Amino acid sequence: MDSIIDGVSHFRSVVFHEQRSLYQRLVHHGQQPKALVISCADSRVVPEIITQSGPGELFVCRNAGNIVPPFSQMNGGVSSAIEYAVVGLGVVDIVVCGHSDCGAMKALLKPEALKDMPNVAAWLRHAESARHVLREAYSLLPEAEAARVLAMENVVAQLNHLRSHPSVAAKLASGQLNLHGWFFDLESGHILALDGDTGKFLPVGDRNQTLQVAVRGTRRAVADPCCGHTHGNASHVTAAE
């Protein structure tokens, strides 16, 4: 705890002192983040550092395995954070961010490792579809590569869960929200983003590059509520390659 207390002291005497006016604005005007980031609780994955965002710029929800429970299994911290971010704060982008060397994904590959952690095992059942995709859609892979692919497929699975939340579905239907799937490579520092058109994770980081969107907000499926003949194009999330 000594290093943590030293950090608190440094923040109070140096960092906060330099950013006092920023915090005062955030108090008086409230937070106005434009994006919700759902990332893994892994101590090496810090969304604010990865995106170089400051206080008030991101609404962040971290948990083991960057899991998004389906709405049918609602009333938990993640579901509440999603609903508040979308309805209360009006975020326009949601990012689900997985990463390399993920302990949750390694455990998913070796369930016996969780015999003394029943809560973690139960939580990771929300990633079971990703494990089945890995088993059925990919040839035998070395353990490290399997965990990496599983982490990417888990991002796809959690994006699908995210779309089951009514607040998210409504904002997608009205074109007010976009969903993004990211994979953070710890060793290289690279971010890969899921392209909803190709189903591939592509590198991002070029200032002139258009950011890949996994699920783009669209207008209503039926253009005219009085007529069921005209339909828009629905966005689909496909598996990573």
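All of these numbers come straight from a predicted model, not from anything done at the bench.
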Evaluate the side-chain contact (heavy atoms from CB on, under 4.5 Å) criterion for residues Met1 and Ile4: first the C-alpha distance (whole Å), next the side-chain angles of each, then the deciding distance (0.1 Å), finally the verdict. CA-CA 5 Å; Met1 284 296 294; Ile4 293 177; 3.8 Å; yes
Within this structure, what is the [atom1]-[atom2] distance for the pair [X] and [Y], rounded to the nearest 0.5 Å?
X: Thr218; Y: Gln176; atom1: OG1; atom2: CD; result: 11.5 Å
X: Glu57; Y: Gln52; atom1: CD; atom2: CD; result: 10.0 Å
X: His165; Y: Ser72; atom1: NE2; atom2: OG; result: 8.5 Å
X: Leu159; Y: Ile94; atom1: CG; atom2: CD1; result: 9.5 Å
X: Glu18; Y: Phe11; atom1: CD; atom2: CZ; result: 11.0 Å
X: Asn66; Y: Phe183; atom1: CG; atom2: CZ; result: 10.0 Å

When you compare the side chain of [Y] with that of [X], does any pair of heavy atoms fall below 4.5 Å?
X: Leu162; Y: Gln158; answer: no
X: Ile82; Y: Cys61; answer: no
X: Val60; Y: Ile38; answer: no
X: Ile50; Y: Val45; answer: yes
X: Glu143; Y: Lys110; answer: yes
X: Trp182; Y: Val37; answer: no
X: His99; Y: Leu186; answer: yes
X: Leu58; Y: Leu36; answer: no

So, the side chain of [X] versus the backbone of [Y]: is there a donor-acceptor pair under 3.5 Å, distance only?
X: Glu83; Y: Val78; value: no
X: Thr51; Y: Pro47; value: yes
X: Ser167; Y: Val86; value: no
X: Asn63; Y: Ile67; value: yes
X: Asn154; Y: Ala130; value: no
X: His161; Y: Val68; value: yes
X: Ser174; Y: Lys171; value: yes
X: Arg131; Y: Leu109; value: no

Verdict with supporting geometry, Gln212 and Leu194, side-chain contact (heavy atoms from CB on, under 4.5 Å): CA-CA 6 Å; Gln212 288 85 3; Leu194 179 63; over 6 Å; no
Heavy-atom pair with the smallest gap, counting every atom of [X] and [Y]:
X: Ala41; Y: Arg62; value: O-NH2, 3.5 Å
X: Val133; Y: Tyr138; value: O-CD1, 3.8 Å
X: Ala104; Y: Leu124; value: O-CD1, 3.5 Å
X: Ala147; Y: Lys106; value: CB-CG, 4.3 Å
X: Pro33; Y: Leu89; value: CG-CD1, 3.8 Å

With a cut-off of 6.0 Å (strictly less than), are more than 12 heavy atoms of other residues, nucleotides or ligands near CD of Gln24? yes
Establish whether [X] and [Y] are linked, either directly or via other cluster members, by ILVMFWY side-chain heavy-atom contacts under 4.5 Å.
X: Val95; Y: Val92; answer: no
X: Leu192; Y: Val46; answer: no
X: Met152; Y: Val213; answer: no
X: Leu108; Y: Val120; answer: yes
X: Trp123; Y: Leu114; answer: yes

Lys/Arg N to Asp/Glu carboxylate O, [X] vs [Y], below 4.0 Å:
X: Arg44; Y: Asp101; answer: yes
X: Arg148; Y: Asp185; answer: yes
X: Glu128; Y: Arg125; answer: no

If we ignore angles and hydrogens, is there a donor and acceptor under 3.5 Å between the side chains of Asp93 and His180? yes
Are side-chain N/O atoms of Thr198 and Asp195 paired as donor and acceptor at under 3.5 Å? yes
Passes side-chain contact (heavy atoms from CB on, under 4.5 Å), Leu177 versus Val168? Steps please. CA-CA 8 Å; Leu177 184 67; Val168 173; 3.8 Å; yes
What is the ring orientation for Tyr23 with Phe16, classed by angle as parallel under 30°, tilted 30 to 60°, or perpendicular over 60°? tilted
Report the C-alpha distance between Leu141 and Val149 in whole Å, list the side-chain angles of each, state the deciding distance to 0.1 Å, and finish with yes or no for side-chain contact (heavy atoms from CB on, under 4.5 Å). CA-CA 9 Å; Leu141 297 173; Val149 170; 3.9 Å; yes
